[in-house]
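Protein chains get the first letters and strands the later ones, always in sequence-line order, with residue 1 at the start of each.
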Amino acid sequence: TQLLEQSPQFLSIQEGENLTVYCNSSSVFSSLQWYRQEPGEGPVLLVTVVTGGEVKKLKRLTFQFGDARKDSSLHITAAQPGDTGLYLCAGAGQGAQKLVFGQGTRLTINP
Amino acid sequence: DVKVTQSSRYLVKRTGEKVFLECVQDMDHENMFWYRQDPGLGLRLIYFSYDVKMKEKGDIPEGYSVSREKKERFSLILESASTNQTSMYLCASSTTRTGGTEKLFFGSGTQLSVL
């Protein structure tokens, strides 16, 4: 069974600070996705990374896929209160038909 | 924009009741999914369907069944609700017609409480 471990599970920081969230596995994934879920809503896809070592940027958010395609990170620069939410990573296994989700990182940005 | 609509935001049911959770999507997606979300456990797949009248078990199908009579509608059924089925239920849809990695579109969720 493929598992994705996210760390930290909870993170509370001040506006303007930087942070990194990690998503790790012992399994290789063909691609990895990051979703953000705001209170009262379903998760919304932020990005998909498919190539080992790939880096994608979405404004102040930087996503990286590990060289071995077993892990990923999300770095937020100068966090804003609007970044508050639950961040979920999800991996597509090689040949698998369904995504495997991590347990999530609940991020709170305090004004 | 893709819209995935779940019929209820909140539901309160009693132990032993039969519970129906409905989900409708408007983008002609062939794939539909039901997940439950519990704190610290992430999203766990209950059932999914890649076509009308087709269903596949996910990781935690026990105590649940599904129905997909029309392409746009995917129903989750709790045959006899139990307190350990109290959870947030999320429906999602996707298409693989565009190629590449599947992108899930989620509904807003149904918070089910079983008393």
Side-chain angles (χ1 to χ4, degrees), chain A residues 1-11 21-25 28-52 54 56 63 65 69 72 85-107, chain B residues 1-10 21 23-25 27 29-51 54-61 87-96 98-111:
Chain A
T1 303
Q2 294 177 307
L3 293 174
L4 279 168
E5 295 285 337
Q6 286 187 240
S7 61
Q9 287 197 41
F10 300 93
L11 185 58
V21 174
Y22 299 93
C23 177
N24 296 305
S25 177
V28 175
F29 291 93
S30 59
S31 64
L32 203 133
Q33 299 179 334
W34 285 92
Y35 290 80
R36 179 169 66 205
Q37 184 178 18
E38 298 184 15
E41 300 296 329
V44 175
L45 180 67
L46 296 174
V47 77
T48 302
V49 285
V50 296
T51 306
E54 182 177 2
K56 280 192 174 179
F63 305 85
F65 202 11
R69 290 185 289 136
S72 181
L86 179 69
Y87 288 81
L88 294 156
C89 65
Q94 294 175 335
Q97 290 182 303
K98 48 188 172 64
L99 292 173
V100 173
F101 280 85
Q103 75 270 50
T105 294
R106 188 163 298 280
L107 176 63
Chain B
D1 280 351
V2 175
K3 194 163 179 73
V4 179
T5 303
Q6 294 185 229
S7 54
S8 304
R9 180 64 70 95
Y10 300 98
L21 302 183
C23 175
V24 177
Q25 50 95 5
M27 279 299 290
H29 283 175
E30 63 273 22
N31 311 320
M32 296 190 75
F33 306 81
W34 275 105
Y35 289 88
R36 64 177 283 176
Q37 182 175 31
D38 300 287
L41 296 179
L43 272 64
R44 292 182 291 167
L45 183 63
I46 305 171
Y47 267 96
F48 59 104
S49 169
Y50 286 151
D51 201 354
M54 176 269 179
K55 60 185 179 183
E56 292 283 346
K57 292 181 179 179
D59 299 317
I60 52 164
S87 187
M88 170 68 79
Y89 289 87
L90 288 165
C91 175
S93 72
S94 73
T95 181
T96 47
T98 52
T101 300
E102 200 164 15
K103 172 182 177 180
L104 294 178
F105 293 86
F106 285 90
S108 297
T110 296
Q111 179 63 52

Peer 1: Could you tell me which non-hydrogen atom of A:Q33 sits nearest to which non-hydrogen atom of B:K103, and how far apart they are?
Peer 2: NE2-CA, 4.1 Å
Peer 1: Relative to chain A, which segment of B:N31 carries a heavy atom at a distance below 4.5 Å: side chain, backbone, both, or neither?
Peer 2: neither
Peer 1: Heavy-atom distance under 4.5 Å to chain B: side chain of A:L86, backbone, both or neither?
Peer 2: side chain
Peer 1: Could you measure the distance from the OG atom of B:S94 to the CG atom of A:L99? Nearest 0.5 Å is fine.
Peer 2: 8.0 Å
Peer 1: What part of A:Q37 is in contact with chain B, defined as an atom under 4.5 angstrom from a non-hydrogen atom: side chain, backbone, both or neither?
Peer 2: side chain
Peer 1: Is it the side chain or the backbone of B:Q37 that comes within 4.5 Å of chain A heavy atoms, both, or neither?
Peer 2: side chain
Peer 1: Where on B:R9 is there a heavy atom nearer than 4.5 Å to chain A: the side chain, the backbone, both, or neither?
Peer 2: side chain
Peer 1: Please round to the nearest 0.5 Å and tell me the distance separating atom OH of B:Y35 and atom CZ of A:F101.
Peer 2: 4.5 Å
Peer 1: Using non-hydrogen atoms only, which part of B:L41 is less than 4.5 Å away from chain A: side chain, backbone, both, or neither?
Peer 2: backbone
Peer 1: Under a 4.5 Å heavy-atom cut-off, does chain B meet the side chain of A:F10, its backbone, both or neither?
Peer 2: neither
Peer 1: Using the test ring pair (Phe, Tyr, Trp, His ring centres under 6.0 Å), find all partners of B:Y47 that sit at least two apart in sequence or belong to another chain.
Peer 2: none
Peer 1: List the residues meeting side-chain hydrogen bond (donor to acceptor under 3.5 Å, both in side chains) with B:T5, not counting sequence neighbours, and say none if there are none.
Peer 2: none
Peer 1: Give the minimum heavy-atom separation between A:E41 and B:S108, together with the two atoms involved.
Peer 2: OE1-OG, 3.3 Å
Peer 1: Relative to chain A, which of B:L90, B:L45, B:L104 shows the most heavy atom pairs under 4.5 Å?
Peer 2: B:L104
